[in-house]
Enquirer: 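I have a structure here, written as C-alpha cells, and I will follow up with some questions on it.
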Protein chains: 2
Amino acid sequence: MKNRTIAGSIGSEIRRRILDGRYPAGSQLRQDGLATEFGASRIPVREALFQLEAEGLVRIHPHRGATVAPLSPADAAEALELRGTLEPRLLSLSAPRLTAEDFARADALLEDYAAALRDGATARWGALNTDLHLLLYGQAERPRALALVGSLLAECDRYTRLQLSTDNAELERADREHREIVRLCRNGHVSAACALLTDHIDHVAAALMAFLGETSGLTKSAGIV
Amino acid sequence: MKNRTIAGSIGSEIRRRILDGRYPAGSQLRQDGLATEFGASRIPVREALFQLEAEGLVRIHPHRGATVAPLSPADAAEALELRGTLEPRLLSLSAPRLTAEDFARADALLEDYAAALRDGATARWGALNTDLHLLLYGQAERPRALALVGSLLAECDRYTRLQLSTDNAELERADREHREIVRLCRNGHVSAACALLTDHIDHVAAALMAFLGETSGLTKSAGIV
DNA sequence: GCCCGCTGGATTTTATACAATTTCAACACC
DNA sequence: GGTGTTGAAATTGTATAAAATCCAGCGGGC
C-alpha cells in the first residue's frame with residue numbers, strides 16, 4: 001500500500017494520525033514541523049495537506065496555516081445521514097452481483113474483525129469496518145459514490161473512535177449486524193440486507209449522537225488519544 | 001471572487017477553462033506550459049491541479065502528469081443519479097426556511113438566466129444554473145451535501161455544454177421548470193417543488209443520455225469548443 | 001521475426017532559498 | 001484603563017534549480 005511518491009506516503013501517514021487522534025481536532029499542522037518530522041521538504045507536505053483538505057480531514061486557511069478539521073455533532077449527523085442515504089442504495093445494486101471471491105474476502109474481514117475485537121485492538125477496527133462496507137458495495141459500478149462513501153466512512157471513524165474509548169458494546173453489536181448483512185447478501189435476500197443496513201447505520205448514528213450529547217464538551221473529548 | 005493566493009486564482013481559471021471546454025477532456029495539462037502561460041512558477045500550478053483533482057475535474061497520474069478528467073456516459077449517469085438522490089432531499093429541508101432575500105436573489109438569477117437565453121450566451125448558463133440550485137438548498141444546513149452537489153453541478157455542466165451546442169430547446173424547458181420550482185417554494189408547496197425537481201433532474205438525465213447515445217463517439221464530440 | 005534491456009529526452013517530483021503575509025506583544029496615545 | 005499602531009518573529013506562499021522517474025525509440029540477442 002506504499003505510495004510511489006513522497007507526498008502520497010506523507011499524506012497517508014498524516015491521515016492515519018488524524019484518524020488515530022494523534023493529531024487532535026483543531027490542532028495546527030505546521031508545515032515545517034511535519035517536514036522535519038518526516039525528513040522531507042515542505043513541498044510534499046503541502047501537497048499532502050491539500051489532498052487531505054479535499055477529503056475533509058484538514059482545513060487550510062490561506063496564509064494562516066492548516067488545522068485538523070474540527071469535530072462537531074452536526075457534521076457527524078450529516079455524514080451519517082449521507083451514509084444512510086447512499087449505502088443502502090449501493091448495497092441493493094451491488095449485492096446481487098457479489099462473487100464468491102467477494103464473500104470469501106468478506107469472511108476474512110469478519111474474522112479479522114472478531115480477532116481485533118478479542119484483542120481489544122480498536123486501532124484496526126476503523127480500517128476493517130471501512131474495508132468491509134466498501135467491499136460489499138464494490139459491484140455496484142458506482143465509482144464516484146463509492147469514493148464518497150469511503151471518505152464518509154473515514155470521517156465517521158474519527159467519531160466512533162472517541163465513542164469506543166468508553167463503550168465497547170457497540171462493536172459487538174456492529175459485528176453481529178455485519179455478519180447478518182453478509183449472510184443475507186449471500187443468500188440472495190437483498191432487500192432484507194438493505195433494510196438491516198439502514199437500521200445498522202441508523203443505530204450507529206443514534207448511539208453516536210447519544211454519546212456526543214452526554215459528553216457535552218465535544219472539544220474536550222476530542223483530545224482523547 | 002478573486003483568491004488571495006496565486007494557486008487559488010490559477011485553480012479557478014483552469015476550472016473555468018475545463019468547464020468551457022478550452023481544455024478538452026483527456027488532454028494533457030503540462031505544468032510547465034501552464035506556469036509560463038499564467039506567468040507563475042510550477043508550484044502554484046501543482047497545488048491548483050491537486051485541488052481540481054479533488055473536485056473530479058482533473059486526474060493526476062503519478063510521475064505521468066495531469067489530464068482533464070474524461071467524459072463518459074456512465075459518469076454522467078452516476079452524477080445525475082446522485083443529484084437526483086441528494087437535491088430533492090436538500091430542497092425539502094431548505095425550502096421552508098428560504099427567506100425573502102433568498103427569493104429576491106433567485107428572481108435575479110432567473111432574470112439573468114432569461115437574458116443569457118435571449119443573447120445565446122450559453123457560456124454564462126452553467127454558472128447561473130449552479131448558483132440557482134445551490135441558492136435553493138442554502139437553508140438546508142447541510143454544508144457537506146451542499147458542497148458535494150456543487151461539485152456534481154459543475155461536472156454536469158461539462159456534459160450539458162456539449163449538448164447545448166446542438167440543442168437549445170432544453171434550456172427553455174429548464175428555465176420554465178426553474179421558475180415553477182421557485183414559485184412552488186415561495187408559495188409553500190414544498191413537496192410539489194421537490195417532486196418537480198426530481199422530474200427536472202430526471203428529464204435532464206434522460207435528454208443527456210439520449211444525446212450521448214446518438215453521438216456515439218463521445219470522445220470526438222468532447223473536443224467541441 | 002520477436003522479445004528484452006538500454007539510453008536519451010522530457011516531465012514530474014523534491015529540495016533549497018527567498019518574498020509576502022499574518023500574528024502577537026509591546027508601546028504610545030486617547 | 002482601554003484602544004489603535006507598529007515592529008519583529010514566525011509561518012506560509014512562491015520562485016529557482018537539482019534529483020528521480022517514466023516513456024519512446026533503438027540496438028542486440030534469442
Side-chain angles (χ1 to χ4, degrees), chain A residues 1-18 22-70 147 219 222-223, chain B residues 1-18 22-70 219 223:
Chain A
M1 268 286 180
K2 288 185 180 177
N3 292 93
R4 308 186 74 83
T5 169
I6 294 182
S9 60
I10 288 180
S12 300
E13 183 59 27
I14 295 178
R15 172 177 25 244
R16 198 173 313 149
R17 295 189 183 183
I18 291 176
R22 284 159 70 181
Y23 293 154
S27 62
Q28 282 271 342
L29 295 174
R30 289 209 198 6
Q31 301 175 357
D32 210 346
L34 293 172
T36 56
E37 186 170 355
F38 288 113
S41 173
R42 274 181 20 221
I43 291 188
V45 173
R46 286 177 64 80
E47 296 181 355
L49 290 177
F50 272 92
Q51 196 162 342
L52 291 171
E53 191 208 18
E55 300 177 26
L57 293 177
V58 165
R59 293 210 178 154
I60 294 181
H61 311 273
H63 294 283
R64 291 178 57 186
T67 59
V68 178
T219 52
Chain B
M1 268 288 180
K2 287 184 180 179
N3 293 91
R4 306 185 73 86
T5 169
I6 294 182
S9 60
I10 288 180
S12 300
E13 183 59 26
I14 295 179
R15 172 178 23 246
R16 198 173 311 150
R17 296 189 182 182
I18 291 176
R22 284 158 69 182
Y23 293 153
S27 63
Q28 281 272 341
L29 295 174
R30 273 188 247 297
Q31 300 175 358
D32 209 345
L34 293 172
T36 57
E37 187 171 355
F38 289 111
S41 172
R42 285 194 295 282
I43 291 187
V45 173
R46 285 176 64 78
E47 297 181 353
L49 290 177
F50 271 92
Q51 195 162 342
L52 291 172
E53 192 208 17
E55 300 178 25
L57 294 177
V58 165
R59 295 214 177 150
I60 293 181
H61 310 273
H63 294 285
R64 291 178 57 186
T67 59
V68 178
T219 53

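No hydrogens, no waters, no symmetry mates; every other heavy atom, side chains included, goes into these values. Sequence lines set the chain letters: A, B, ... in the order given, protein chains first and strands last, and positions in each chain run from 1.
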Enquirer: Between Glu55(B) and Arg15(B), does at least one N-O distance fall below 4.0 Å, as a salt bridge requires?
Expert: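 Answer for the salt bridge query: yes.
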
Enquirer: Scan nucleotides 7-14 of chain C nucleotide by nucleotide, 5' to 3', and note B when protein non-hydrogen atoms come under 4.0 Å of the base, S if they reach only the sugar-phosphate, - if neither.
Expert: ----SSBB

Enquirer: Taking Arg59(B) first and then Glu53(B), would you say they form a salt bridge - that is, a charged N and a carboxylate O separated by under 4.0 Å?
Expert: no

Enquirer: Between Ala48(B) and Ile10(B), which heavy-atom pair has the shortest distance, and what is it?
Expert: CB-CG2, 4.0 Å

Enquirer: Provide the closest heavy-atom pair for Ile6(B) versus Ser9(B) in the form atom of the first, atom of the second, distance.
Expert: O-OG, 2.9 Å

Enquirer: Give a yes or no on this: more than 12 heavy atoms of other residues, nucleotides or ligands lie within 6.0 Å of atom CZ of Arg17(B).
Expert: yes

